[in-house]
Amino acid sequence: EETLPEGAYTTGQFLLLAIYIGTITSSCGRRVMVMCGMEDILLKFSLTQAGVNLILSVFLAKVWGVPGIAAATLITSTIFGIGVFLPTLKRFSEISATEYITYHFRGNLMGLLVMGGVLAAVLQITPPHTHSLGLIDLMWRGALVSLSYLACNFRQIRSTWASEPHAESA
């Protein structure tokens, strides 16, 4: 029976959390900065973040191995997203960091809570370290968690999609 190598599950958790934090703190803001002609500031921000991530990754890789590299990505995403990017965005826009984060959570909080509950239940019922983690196993877990979020937020997703202008197909 195949199982994941030691540290792989922790690595995945670190990377997923880093992606989530990056999405919440800077996904929309980066687009706003590009639309406002602030590509040079965004480039400096991205290069600095990448450099710090590289240095921290090398250091933490020596201490923890591969999970250390993922931890470096999580730490860098958090520090730069919350400590650097949001204040920079606030300086160039008329929206506060609190309003920005509230906007992301408004309407999504119930779905996130249900998704977290489903994930906790799945992990409690079938802990990943005691179960084969083949591709099929990962797929059903991901589908179950994602579908719970979609079920809770379908109305909001649909209304957002309907309110956005879409290009007419020729």
Side-chain angles (χ1 to χ4, degrees), residues 1-34 38-39 41-91 96-98 100-105 108-150 153:
E1 184 172 314
E2 291 184 39
T3 59
L4 288 174
E6 186 177 333
Y9 186 71
T10 303
T11 301
Q13 287 178 320
F14 283 156
L15 291 175
L16 286 173
L17 189 54
I19 290 168
Y20 180 72
I21 289 172
T23 300
I24 292 297
T25 59
S26 60
S27 65
C28 182
R30 287 178 189 265
R31 290 180 181 95
V32 169
M33 290 180 79
V34 168
M38 296 184 233
E39 294 91 351
I41 295 169
L42 190 55
L43 178 63
K44 289 175 188 173
F45 169 79
S46 297
L47 291 175
T48 304
Q49 182 176 356
V52 170
N53 192 10
L54 178 64
I55 292 166
L56 194 56
S57 291
V58 169
F59 174 74
L60 290 179
K62 290 179 182 179
V63 177
W64 292 332
V66 174
I69 297 169
T73 301
L74 174 59
I75 292 166
T76 306
S77 295
T78 303
I79 290 171
F80 275 82
I82 295 171
V84 178
F85 188 77
L86 285 180
T88 302
L89 182 65
K90 182 181 180 223
R91 190 167 29 129
S96 71
T98 305
Y100 182 80
I101 291 179
T102 302
Y103 173 78
H104 280 287
F105 280 115
N108 290 313
L109 188 56
M110 182 55 73
L112 291 171
L113 291 174
V114 169
M115 183 176 75
V118 169
L119 178 60
V122 166
L123 292 176
Q124 187 67 31
I125 294 168
T126 59
H129 59 280
T130 61
H131 191 52
S132 172
L133 287 173
L135 182 59
I136 299 297
D137 189 48
L138 293 174
M139 286 172 50
W140 78 259
R141 290 169 189 262
L144 187 61
V145 170
S146 298
L147 288 174
S148 67
Y149 177 81
L150 182 62
N153 290 34

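Closest approach of S77 to I21, counting heavy atoms only: O-CG2, 3.9 Å. Of all non-hydrogen atoms in M33 and F85, the two that sit nearest each other are SD-CE1, 3.5 Å. Considering every non-hydrogen atom in both E39 and V34, the closest pair reads OE2-O, 3.3 Å. In plain terms, the two heavy atoms of L60 and G68 that are nearest each other are CB-O, 3.3 Å. When all heavy atoms of A70 and F14 are compared, the pair lying nearest together is CB-CB, 3.7 Å.
To the nearest 0.5 Å, atom CG of residue L16 and atom OG1 of residue T11 are 11.0 Å apart. Of the inter-residue distances, the one linking L56 atom CG with I75 atom CD1 reads 5.0 Å to the nearest 0.5 angstrom. Rounding to the nearest 0.5 angstrom, the gap separating the CG atom in N53 from the OG1 atom in T48 is 12.0 Å. Here the CG-OG distance, from L42 to S46, works out to 4.5 Å after rounding to the nearest 0.5 Å.
Every side chain to side chain contact (heavy atoms under 4.5 Å, CB included) that I82 has, sequence neighbours left out, goes to T25, T78. Scored by the side chain to side chain contact (heavy atoms under 4.5 Å, CB included) test, V145 finds M115, V118, L119 as partners (sequence neighbours excluded).
Here the side chains of V52 and I79 are not in contact, with every heavy-atom distance at 4.5 Å or above.
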